[in-house]
Amino acid sequence: MKLYNTLAGEVEEFVPSDGQSVKMYICGVTPYSSTHVGHALSYVAFDVLRRYLEHLGYTVRHVQNFTDVDDKIIQKAQEEGITPQELVDRYVDDFFRCMDALNVQRAHVYPLATQEMSPIIETIQTLVDKDYAYPAGGDVFFRVTKSNDYGKLSHRTLDGMQAGARVEVDEHKEHPMDFVLWKGAKPGEPSWESPWGPGRPGWHIECTSMAMTYLGETLDIHGGGQDLIFPHHENEIAQSEASTDTMPFSRYWVHNGLLQLGEDKMSKSLGNLVSVDQALENYSPDSLRLYFLSSHYRSPLSYSDEGCAAMERSAGRLRHALARETGGKKGDPLDTGPYQERFLAAMDDDLNTPRALAALFDLARDLNRAGDEGRDVRAAQYSLRRLGGILGLTFQEPASGGQDQLAAKPFIELLLATRTELRKAKQYEMADQIREGLDQQGVILEDTAQGTQWQYHPRG
RNA sequence: GGCGACGUAGCCAAGUGGACUAAGGCGGAGGUCUGCAAAACCUCUAUUCGGCGGUUCGAAUCCGCCCGUCGCCUCCA
């Protein structure tokens, strides 16, 4: 397949280094607040990448970290009067719950920075020994000027970055762009013993260390949001390649465009977040996935209720096509070949999911038409389900509420039975009254040849 | 200030030199089916791709300028 590689700055043919197994490291979250829809977009994108690679027959080994020690975690835990560990546990649980709900496949390993101190310290020690890093004032810094290609991922130069630097320069740094590998502990902060005194790892080093521990010195794919390109991934490359003398650290760098809310990027610092829980209260997992996948993964996308609601209706179209009767024996069964080819060609082209979806919607429409003509559509339905599966679509009904709605079920069915009798007796006025009454309670009816179907309004 | 991305119908969004007389979704209009609805299906809904120039036999697609929006350069998916 073809994949855009940030390092090369262009679309390249992707082949794993050993031809069959893909070593994929995706940057995970810092668990100190609720999982938001921006995270959902990113992890859905990489989930689709993984599912497609698996479809191509590759074995994917997927590692994704949690940054479980960090300034924000320490601060938030202090504010709430709980331990950092308790805070982390809460939001790691939240993350898994949200990702499971969105049908995002779990990674094979989820390393935690705090559980990987030995390898992290060893990596820093190697960098110090090689003169790529220097202790100063209790911290350890990476010496960017020692790297002769620093800036190659973000396509910047040290001079260019300094020109617009808004960074407060630490007095201990030799160069303003030097970054911290090990942070000396301040009183009251969690810390670990190290050759440079008690402290904790800097942000970037954990990914280097964990990626190498679980995947080796060279990754096939390293992914994350575009906001991680600089400084996070740039620094990872610098320290990784310096510590192993092996290039490249990752053969492909894949970055998703960021989700925006209105005009602005959705981010923790701006506080303009929509949590995954909030989104899932109103919209089905499929509709959210469709929303994310309706634009290319590298383009920015604005989150909106109108957009989600539109996708809820789209999701319903696909679901309906799968739920309909399988057609008859008139004529030839619908040939699914052309749709599959279009779908796969689109996916092959740097995961062009908007084009892939167009093929799916065309398939659904032609499936419905063929079914109406009495042709056999079982193969088409199978194909739609299978291709949709590559996009992680479940085709499940929107979650039909909680206990109240379950309890209402027998009463609804009783009303429907009564209405059916009324219709048989051509008492349409009363039958329509029942339909309207149910509609006002959020239950929508559909009279089909097989009888009356009902479901709760997919809100929106 | 430096680097980069984008501007396509009412909205979202593909297409990046020739079958584009521009996918697909949502919305809208009309129709078929239906007791009526719903769903589904059919037809229609951008003579045009931010503006102005240029290159070319040919440009939404390449180049230049202008206007507008956004991102990164600081924690962030």
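Proteins get letters first, then strands, A, B, ... in listed order; numbering begins at 1 in each. The basis for the numbers below is simple: all heavy atoms, side chains too, and nothing from hydrogens, waters or symmetry mates.
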Is there any protein nitrogen or oxygen under 3.5 Å from a nitrogen or oxygen in nucleotides 40-42 of chain B, and what are the pairs?
from	atom 1	to	atom 2	distance (Å)
rA40(B)	O3'	Asn368(A)	ND2	3.0
rA40(B)	O2'	Asp372(A)	OD2	3.2
rC41(B)	OP1	Asn368(A)	ND2	3.3
rC41(B)	OP2	Arg317(A)	NH1	3.4
rC42(B)	OP1	Arg369(A)	NH1	2.8

Check nucleotides 31-34 of chain B for protein N or O atoms closer than 3.5 Å to its own N or O atoms and list the pairs.
none

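Checked against salt bridge (charged side-chain N to carboxylate O under 4.0 Å, His left out), Glu373(A) has the following partners two or more places apart in sequence or in another chain: Arg375(A). Applying the ring-ring contact (aromatic ring centres under 6.0 Å, His included) criterion to His296(A), with sequence neighbours excluded, gives no partner residue. A search for ring-ring contact (aromatic ring centres under 6.0 Å, His included) contacts involving Tyr4(A) returns nothing, not counting sequence neighbours. Tyr428(A) is linked by a ring-ring contact (aromatic ring centres under 6.0 Å, His included) to nothing, counting only residues two or more places apart in sequence or in another chain. With sequence neighbours left out, the salt bridge (charged side-chain N to carboxylate O under 4.0 Å, His left out) criterion links Asp447(A) to Arg419(A), Arg423(A).
Contacts between residues 348-361 of chain A and RNA chain B, counted as heavy-atom distances below 4.0 Å, involve Asn352(A), Pro354(A), Arg355(A), Ala358(A), Phe361(A). Proximity of residues 429-437 of chain A to RNA chain B (heavy atom under 4.0 angstrom from any strand atom) is restricted to Asp432(A), Arg435(A).
Considering only side-chain N and O atoms, Ser299(A) lies under 4.0 angstrom from the phosphate OP1 or OP2 of rA14(B).
Stretches of at least 3 consecutive Watson-Crick or G-U wobble pairs, with each checked distance under 3.5 Å, appear in RNA chain B as B:1-7 with B:67-73, B:10-12 with B:24-26, B:27-32 with B:40-45, B:50-54 with B:62-66.
Residues in residues 175-186 of chain A take part in these salt bridge (charged side-chain N to carboxylate O under 4.0 Å, His left out) pairs, two or more places apart or across chains: Asp71(A)-Lys183(A). Within the structure, salt bridge (charged side-chain N to carboxylate O under 4.0 Å, His left out) pairs that include any residue of residues 327-347 of chain A comprise Arg342(A)-Asp362(A) (at least two apart or interchain).
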